[in-house]
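What follows is a short report on a single structure.
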Amino acid sequence: MKNIRNFCIIAHIDHGKSTLADRLLELTNTVPKRLMQEQILDSMDLERERGITIRSKTIRMEYSYNNENYVLNLIDTPGHVDFTYEVLRIINACEGALLVVDATQGVEAQTLANATLAQRAGLVIIPVINKIDLQNANIEMTKKQIKEFLNIQMEPLLVSAKTGQGVEDVLKSIISLIPPPQINYDTNDLSCLVFDAYYDPFKYVVMYIKVLSGKVRKDYTFKFLSQDDGKIYNVENLGYIKLNLTPTEELVPGEVGFIVAGIKDIHTIKIGDLIVTPNIDTSKIKKPYVKEIKPYVFASIYPLNPKDYEDLKIALQKLHLTDYSLSFKPVSSKVLGGGFHCGFLGSLHMDIVKERLEREYNLDIILTLPNVEYKVITKDKKEIVVTTPTDFPDYGEVLEVYEPITKTTVITPLEFLNNVIETCKLFRAEVLEQNFVDENRVIITFEIPLAEIIVNFFDAIKSVSKGYASFDYEQIGYKKSDLVKLEVLVNNEVVDSFCYITHKDKAYNTAVKILEKLKKTIPRHLFTIPLQVKAQGRIIAREDIPALKKDVLAKCYGGDVTRKRKLLEKQKEGKKRMKQIGSVEIPKETFIELLKL
Ligand SMILES: Nc1nc2c(ncn2[C@@H]2O[C@H](COP(=O)(O)OP(=O)(O)OP(=O)(O)O)[C@@H](O)[C@H]2O)c(=O)[nH]1
Ligand SMILES: [Mg+2]
């Protein structure tokens with residue numbers, strides 16, 4: 001047990017965590033050469049395609065050093081802000097962390113956020129400066145930021161995860177600096193931390209655990225500490241997490257491994273929970289802190305073709321099995337029919353779910369504008385939680401509205417400071433604090449409504465800083481705000497799925513933008529289509545789509561039947577991707593354009 005090291009790799013997005021993991025896996029011969037590929041732990045198709053890590057990945061390595069055999073459990077984590085939860089849930093399974101910093105970028109917002117998480121959890125942090133092979137690597141600057149700004153005094157290791165330079169020292173430091181797991185020897189009662197779980201169609205739920213005390217063997221029974229239903233489970237299978245799951249006889253204290261216990265529904269498991277001997281004396285155990293995953297961003301998904309409703313439902317159920325942070329419930333829209341109201345961790349997560357539905361399940365879907373969770377106090381003093389504009393009460397009934405607020409930190413080179421602050425103000429930001437990271441970099445803390453962060457904020461910050469600024473946010477509570485619901489009318493009919501909640505000061509501009517998008521994408525019809533936006537009971541903006549007499553065959557005088565048929569076919573094809581709203585046909589493109597609002 002003294003030869004076990006459990007550690008994670010944390011960093012800002014793209015600083016080279018998964019690439020460093022590759023080199024460690026190679027050095028320890030964990031992955032055979034013929035199977036090796038770049039960022040091998042990024043095993044999901046989407047991860048490979050987008051070149052980012054979405055889920056944390058655990059893998060066991062074995063390594064001989066100074067005539068001793070060591071077991072090193074590595075956990076690679078994602079760097080994107082939407083997936084901070086992935087870092088949170090694995091951090092308690094580790095005693096140490098490699099904090100990777102890209103030498104060409106320096107310390108960025110997620111470097112700070114993840115380093116803080118690791119520090120709070122009491123992990124030993126080994127700073128690693130990566131990408132030293134690149135010409136524009138600025139090692140001295142990066143060292144200084146790590147030392148002075150992050151307050152990590154250990155001399156950083158210098159590596160290139162690409163060429164492998166310095167990586168052997170990383171292995172040695174893991175062994176010499178990270179302590180072995182601390183174990184409670186007072187008891188032989190089983191207790192294990194569950195830090196990950198996924199659904200496998202053959203094995204059912206596979207739990208990743210770290211043994212805190214006692215031993216796990218086949219046929220041992222256990223219960224979940226946080227569950228009071230008295231349900232007892234049986235260990236059917238257990239083992240190590242190598243490139244493939246590898247069965248073993250037993251798992252001992254300090255070890256990381258997997259357990260299968262015939263659990264069919266992944267949602268019976270709370271990540272962060274303990275599994276314990278059924279008759280354990282619970283007074284002796286410290287109940288773990290289980291942070292529930294909570295969706296922050298909400299949008300509705302509808303099948304373009306109502307016939308696909310059941311398929312969409314099955315697809316969401318399947319996704320839900322593997323992606324426990326996705327929530328969904330049925331909704332119905334007057335114009336779009338049956339669909340599902342879904343909760344996501346952030347806009348990247350939303351994007352990924354949409355893409356998976358389209359690609360893996362071959363569904364043609366419509367996604368509505370994303371929302372956050374508002375609290376509305378009505379004039380009769382009732383509190384209503386609203387995650388979709390449809391549920392937003394009529395303005396006559398609204399007394400107060402509260403919206404979620406974030407603490408957002410932006411780290412930017414000094415030269416873009418003004419740009420960044422001015423841009424953030426467009427997103428209703430208030431500056432809370434401003435500090436230097438070093439002479440050339442500034443960290444600004446803002447209070448920004450969550451609703452503003454989830455649309456375009458990321459792109460805006462990147463574009464005004466030429467890509468150099470980075471940001472991180474966390475939700476910190478609710479604040480009273482002047483919000484109104486925009487109702488969009490197409491041909492005098494309210495289209496519920498176009499409605500939008502926005503700040504009063506932005507209502508007019510947003511209304512104009514919505515109408516622009518509608519006008520641009522809705523084709524002309526045989527009659528004039530009025531487009532209007534209504535807020536607080538009155539029309540605040542209007543556009544018309546002029547009438548058109550459209551005869552697709554008009555151009556085809558003469559008797560070419562095949563050409564006529566082709567044109568009609570083409571028009572039919574086009575129709576399939578349209579939504580009928582009253583007598584107006586709205587193409588899917590309109591919904592896609594609106595998402596870019
Ligand atoms: N030149 C050079 N490129 C590197 C090095 N390490 C990583 N990269 C490149 O940097 C990019 C990002 O690397 P990843 O390993 O995917 O980064 P990550 O930190 O795992 O990213 P996320 O998991 O999405 O947060 C890839 O294109 C790598 O090839 C290095 O040492 N030198
Ligand atoms: Mg990665």
Side-chain angles (χ1 to χ4, degrees), residues 7-27 30-31 36-59 74-91 94 97-115 117-118 125-139 142-143 146 156-171 196 243 345-349 351-352 355 411 458 462 467-468 470-473:
F7 70 99
C8 53
I9 310 182
I10 53 174
H12 188 76
I13 190 163
D14 272 350
H15 281 204
K17 296 174 287 294
S18 303
T19 310
L20 178 61
D22 286 349
R23 296 294 87 75
L24 294 172
L25 294 172
E26 269 173 8
L27 266 179
T30 306
V31 179
M36 198 60 205
Q37 50 174 332
E38 274 178 36
Q39 288 104 35
I40 188 160
L41 295 178
D42 290 344
S43 47
M44 289 164 64
D45 284 349
L46 263 173
E47 292 185 309
R48 300 208 66 79
E49 222 164 82
R50 292 184 177 226
I52 56 167
T53 304
I54 294 170
R55 275 191 63 112
S56 289
K57 309 278 172 17
T58 308
I59 190 159
L74 174 160
I75 309 183
D76 184 25
T77 66
H80 192 280
V81 56
D82 274 16
F83 305 119
T84 301
Y85 178 75
E86 290 288 316
V87 182
L88 259 180
R89 71 181 168 80
I90 58 92
I91 222 155
C94 302
L98 301 179
L99 177 68
V100 177
V101 187
D102 182 333
T104 67
Q105 306 290 325
V107 168
E108 298 200 70
Q110 248 71 50
T111 321
L112 173 66
N114 287 327
L117 286 180
I125 297 179
I126 302 177
V128 177
I129 297 182
N130 187 30
K131 306 200 188 180
I132 57 167
D133 59 294
L134 288 175
Q135 233 170 17
N136 54 337
N138 191 339
I139 296 172
T142 311
K143 271 189 184 171
I146 292 174
L157 302 171
L158 305 181
V159 309
S160 164
K162 189 154 207 164
T163 67
Q165 187 187 345
V167 177
E168 208 154 350
D169 285 339
V170 176
L171 268 183
D196 195 0
L243 198 56
L345 295 173
S347 19
L348 177 64
H349 185 214
D351 210 34
I352 283 169
E355 208 174 310
I411 295 186
F458 182 73
K462 283 284 168 196
Y468 285 108
S470 58
F471 89 104
D472 177 66
Y473 70 89

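Ligands are counted one by one from 1 in listed order, and the atoms in each one are counted from 1 as well.
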Heavy-atom proximity to atom 20 (O) of ligand 1, picking from A137, S18, G164, points to S18
N/O to N/O below 3.5 Å, does that happen between T19 and ligand 1? yes
Among G166, A21, A161, the residue with a heavy atom nearest to atom 31 (O) of ligand 1 is A161
Looking at G79, which atoms of ligand 1 are within less than 4.0 Å of one of its heavy atoms? 25 (O)
Distance under 4.0 Å to a non-hydrogen atom of D133: what atoms of ligand 1 satisfy this? 1 (N), 2 (C), 30 (C), 31 (O), 32 (N)
Looking only at protein heavy atoms, what sits closest to atom 23 (O) of ligand 1 is T53 OG1, 2.7 Å
Ligand-residue contact atoms, ligand 1 with I52, heavy atoms, under 4.0 Å: 24 (O)
Any N/O pair E38/ligand 1 closer than 3.5 Å: no
Within reach of ligand 1, part of H15 (heavy-atom separation under 4.0 Å): backbone
Assess T19: does it contribute an N, O or S atom lying under 2.8 Å from the Mg ion (ligand 2)? no
closest protein heavy atom to atom 6 (N) of ligand 1 is N130 ND2, 3.2 Å
Within the distance-only criterion (no hydrogens, no angle test), does the side chain of K57 pair as donor or acceptor with the backbone N or O of L74 below 3.5 angstrom? no
Do any of the N, O or S atoms of S18 sit under 2.8 Å from the Mg ion (ligand 2)? yes
Which residue and heavy atom of the protein sit nearest atom 18 (P) of ligand 1, plus the separation: K17 N, 3.5 Å
V100: which of I9, N114, V159 passes side-chain contact (heavy atoms from CB on, under 4.5 Å): I9
Which residue supplies the protein heavy atom nearest to atom 21 (O) of ligand 1, what is that atom called, and how far is it? D14 N, 3.1 Å
Under 3.5 Å donor-acceptor, D22 side chain and I40 backbone: yes
If the cut-off is 4.0 Å to any non-hydrogen atom of L134, which atoms of ligand 1 fall inside it? 1 (N)
Looking at every non-hydrogen atom in both residues, tell me the closest pair between L243 and I59 and how far apart they are. N-CD1, 3.7 Å
Would P78 count as being in polar contact with ligand 1, using the rule that some N or O on each side must be under 3.5 angstrom apart? no
Report yes or no: does H15 contribute a side-chain atom to a donor-acceptor pair with the main-chain N or O of D102 at less than 3.5 Å? yes
Show your reasoning for whether side chain to side chain donor-acceptor pair (under 3.5 Å) applies to S18 and D76. CA-CA 6 Å; S18 303; D76 184 25; 2.6 Å; yes
Considering only non-hydrogen protein atoms, determine which one is nearest to atom 17 (O) of ligand 1 and report residue, atom name and distance to 0.1 Å. G16 N, 3.2 Å
Side chain of R48, backbone of E38: donor and acceptor closer than 3.5 Å? yes
Could you measure the distance from the CD atom of E86 to the CG atom of L345? Nearest 0.5 Å is fine. 8.5 Å
Give the intermediate values and the outcome of side chain to side chain donor-acceptor pair (under 3.5 Å) for residues Q110 and S470. CA-CA 8 Å; Q110 248 71 50; S470 58; over 6 Å; no
Nearest-neighbour protein heavy atom for atom 27 (O) of ligand 1, which is reported as residue plus atom name and distance: Q39 NE2, 4.9 Å
Quick check against the 3.5 Å criterion: does R23 have a side-chain atom that pairs as donor or acceptor with the backbone of G164? no
Within this structure, what is the CD-OG distance for the pair Q37 and S43, rounded to the nearest 0.5 Å? 9.5 Å
To the nearest 0.5 Å, what is the distance between CZ on R50 and CG on D42? 13.0 Å
In ligand 1, the atoms that come under 4.0 Å of a heavy atom of K162 are 1 (N), 2 (C), 3 (N), 5 (C), 30 (C), 31 (O), 32 (N)
If you count the atoms of ligand 1 from 1 in the order shown, which ones are under 4.0 Å from a heavy atom of I13? 24 (O), 25 (O)
Protein contact to atom 9 (C) of ligand 1 [nearest heavy atom, distance to 0.1 Å]: K131 NZ, 3.9 Å
Checking the side chain of S160 only, and the main-chain atoms of Q165 only, is there a donor and an acceptor separated by less than 3.5 Å? no
